[in-house]
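Here's the structure, in structure tokens; my notes come after.
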Amino acid sequence: MDVTPILDSLNEPQRKAVTGPAEPMLVIAGAGSGKTRVLTHRIAWLIDVENISPHNLLAVTFTNKAAKEMRHRIEELLNIPVNNLWIGTFHGIAHRFLRRHAKEAGLEQSFQIIDSDDQLRIIKRLIKSLGLDDDRHNPKEIQYFINKQKDEGLRADQIDNKNDVDLIHMIKLYQQYQDICNQGSLVDFAELLLSTYELFRDNPQLLEKYHSTFKHLLVDEFQDTNSIQYALLRLLTGVKSTLFAVGDEDQSIYRWRGAKVEHIAQFQKDFPATKIITLEQNYRSTANILKAANAIITKNEDRIPKELWTDGEQGELIKIYAAFNERDEANFIVNRISDWEKQGNKRTEAAIIYRSNAQSRALEEALISASMPYRIYGGLRFFERSEIKDALAYLRLVSHKNDDASFERIVNKPTRGIGAKALDNIRKCAKDNNLSLWKAACFLAKNDPTGTKYNKINHFISLINRMDRETESLEIHDKIDHLINLSELIDLYQKEKGERGLTRIENLEELVTAAKSFDVDNEDEMTMLDAFLAHAALESGEEQAGAWEDCVQLMTMHSAKGLEFPLVFMCGMEDGLFPHQRNILDSKTLQEERRLCYVGITRAEQTLYLTFAEQRRLHGQDNHAPPSRFMAEIPSELKDEIRQKATGHYQSHIHQTKKTPASEAKLPVQLGQRAHHKKFGPGIILAYEGQGVHARVQVNFENVGTKWLVLSYANLELK
DNA sequence: TTATGCGGAATTTTT
DNA sequence: TTCCGCATAA
């Protein structure tokens, strides 16, 4: 057998991992060290060399994108399609199990999946129906609580209430929320995992069956697993199966949503025979970039030492730019990209990454005024758009009339005179009689003696029934087409002014097209319709279109994970922004910010810019923040601090920073001192803070009110 | 039922 | 600043 294509491109540790025996294996893969490569080649090796049928392999990822990419790369490697390979996201695979064994899992065969938006709506309604004010009962908090419990594998009755009133209350809400979901056969994301876990836990025979099926289980981004995911993996790994995990604790940036790096240690405890392989050779970035990344990440405690290296070039220094404000920062970046283009490079090779989405605004404005095309990652995806969700809600209600979430969503959309009073009655009736909203509505309408009170409701009921009848035998795309017309959603959006309504209608048309091309090998117990609806919920679709154009890439540091670009700008490098204010005080969260910084830096292949602004307008307020502490963690021999072009009163403060011993700096002002500003006029100094060139004063100006000014710019005339 | 205005909050995000 | 939810008015 010729194993060259599988092994040729691998280095020694990679090869060890790929060809390892059937034993538990943990691959600690630094950024850019060929993590995906190891995983795909391992699978190819198992199939091609070890003669394991794809059907006996289970590969789990976190995102659909990763799953797709992996399948693609395996097929490329083996030159054959591997359709029966179990590969998918945790949720996708859990979903598959649940459809196959809905009965054993205690679910209806045609259960529907709700996304976090639907979930939040249900919770909000629950709070309202209980007459609770959401000051003390923040729906988002309750949602977070419920998901957290589920992620920990806990049902409402399994939580220790610690005799804490608030906790008891939360648990009760959890239970009530769950009752609503069960009533309508609705399954949220966390529930997919929890139900699957319980399914296997409570059905040993079934589990046995899968134990003998899955000879090898492989997990990507292992550091991102939460408790229920890890528990599920453990459960699915039988005595004769082996778990192969790839991850990097330094790239764990999702602790805040339940991911636990601790699973890396837990893995070794649970599988004492575990082999560990560390991949440190990096194939992405220049040596300088890696040195900077290493320097930063070593500042984290409790970390297994690991150091990225390359046999490639030293590369350029990391460029640091101190901008006057966020506009200056944006312009600087746009100009650099412009230069980059002039050197014959592509815009799409340049990425601007930032800590929080709000930062994109100033960048966008600068890009627009420079007429430079750009693309923002993240944001609403296709199936998350409200008009799409409306259309799908019709589809769902027509096919699953007890789906309360969908009922609520569209009962009065477009408005058909069903107001709050009528709905309250329906909700009350539903609650009292343990009925779905649909059934309650039917019941009330039927038993309305006068026949007028529930007139509107009757209309709605006949509309849905008519939809059901008329579209019964149609294919999904025709069905959707009819539904959006019958529902008069189209008319609703036509009335919406501006471009917005037009886009919505286009999106609805796009939905019909999407349904037309929808096709799965539907081997599980699902109707085509349910398969489509599940697809819509689990794969929220592509992000914005326009990828075909050569555009600059904008994204948060989180969404940059896994990507790489020749030219990278990390902007907003200011303490408070990055690391984020909320994560500065606690060492755990600060370390996660630092890992995020490590992730950001390691996105860069050749050129890396770190930029910060002395002054930044945030939430309509001017802020001054010191440069990010992370920049100080990069050794100065790796940094090239770019000076600003002199603009009169303006000078290079970075240069000064180095010279001025910060601790010695004394402010040349006194509280209460009078001052005069060229633009703002006369005022009185109220306060001062900071040191050296970052020292700033608060001045109460007679004409323009109180402002904070950085002394080194303000050119204050002191009296 | 819809329009308007106020107050409060405003990381990060996949499924 | 901008977005949201809520209350109030039209």
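Per chain, numbering begins at 1; letters A, B, ... match sequence-line order. Below, each value reflects all heavy atoms present in this structure, side chains not excepted, and no hydrogens, waters or symmetry copies.
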Of all the choices, [options], which nucleotide is nearest to the side chain of [X] once you look at every atom?
X	options	answer
A/Thr556	B/dT12, C/dT2, B/dT11	B/dT12
A/Glu593	C/dG5, B/dT15, B/dT11	B/dT11
A/Tyr254	B/dT12, B/dA10, B/dT13	B/dT13
A/Trp256	C/dG5, B/dT12, B/dT15	B/dT12
A/His558	B/dT13, B/dT1, B/dT15	B/dT13

Could you state the atom-to-atom distance from [atom1] of [X] to [atom2] of [N] in whole Å?
X	N	atom1	atom2	answer
A/Leu193	B/dT14	CG	P	16 Å
A/Lys148	B/dT14	NZ	P	21 Å
A/Ile113	B/dT14	CD1	P	17 Å
A/Gln251	B/dT14	CD	C1'	17 Å
A/Arg327	C/dT1	CZ	P	14 Å
A/Asn623	C/dT1	CG	C1'	12 Å
A/Gln359	C/dT1	CD	P	18 Å
A/Asp118	B/dT15	CG	P	16 Å

Margin query: What I want to find out is whether A/Lys148 reaches A/Asp151 closely enough, with some N-O distance under 4.0 Å, to be called a salt bridge.
Written below: no

Next item on the list: May I ask you to decide whether A/Glu593 forms a salt bridge with A/Arg355, counting only side-chain N to carboxylate O separations under 4.0 Å?
Entry: yes

Checklist line | Row check, A/Phe383 ring normal vs A/Arg381 NZ/CZ: under 6.0 Å, within 45° | finding: no

Any side-chain N or O of [X] less than 4.0 Å from the OP1 or OP2 oxygen of [N]?
X	N	value
A/Arg257	B/dT11	no
A/Asn357	B/dT13	yes
A/Lys65	B/dT14	no
A/Arg361	C/dT2	yes

Next item on the list: Identify whether any heavy atom of A/Asp115 sits under 4.0 Å from a base atom; if not, whether one sits that close to sugar-phosphate; answer base, sugar-phosphate or nothing.
Entry: nothing

Notebook entry, point to check: Checking all strands, does A/Asp224 fall into the base, sugar-phosphate, or nothing category for heavy-atom contacts under 4.0 angstrom?
Noted result: nothing

Item checked: Closest-nucleotide ordering on DNA chain B, the 5'-leading residue of A/Phe90 and A/Asn412 -> A/Asn412

Margin query: For A/Thr415 and A/Asn583, find the nucleotide of DNA chain B closest to each by heavy atoms; which residue's nucleotide sits nearer the 5' end?
Written below: A/Thr415

Item checked: Aromatic plane relationship, A/Tyr609 with A/Phe569 - under 30° parallel, 30 to 60° tilted, over 60° perpendicular -> parallel

Check: Parallel, tilted or perpendicular for A/Phe222 and A/Tyr230, by the 30°/60° rule?
Finding: perpendicular

Next item on the list: Determine, using ring centers only, whether A/Phe62 and A/Tyr254 are less than 6.0 Å apart.
Entry: no

Notebook entry, point to check: Considering only heavy atoms and no angle criterion, is a donor-acceptor pair shorter than 3.5 Å present between the side chain of A/Ser116 and the base of B/dT15?
Noted result: yes

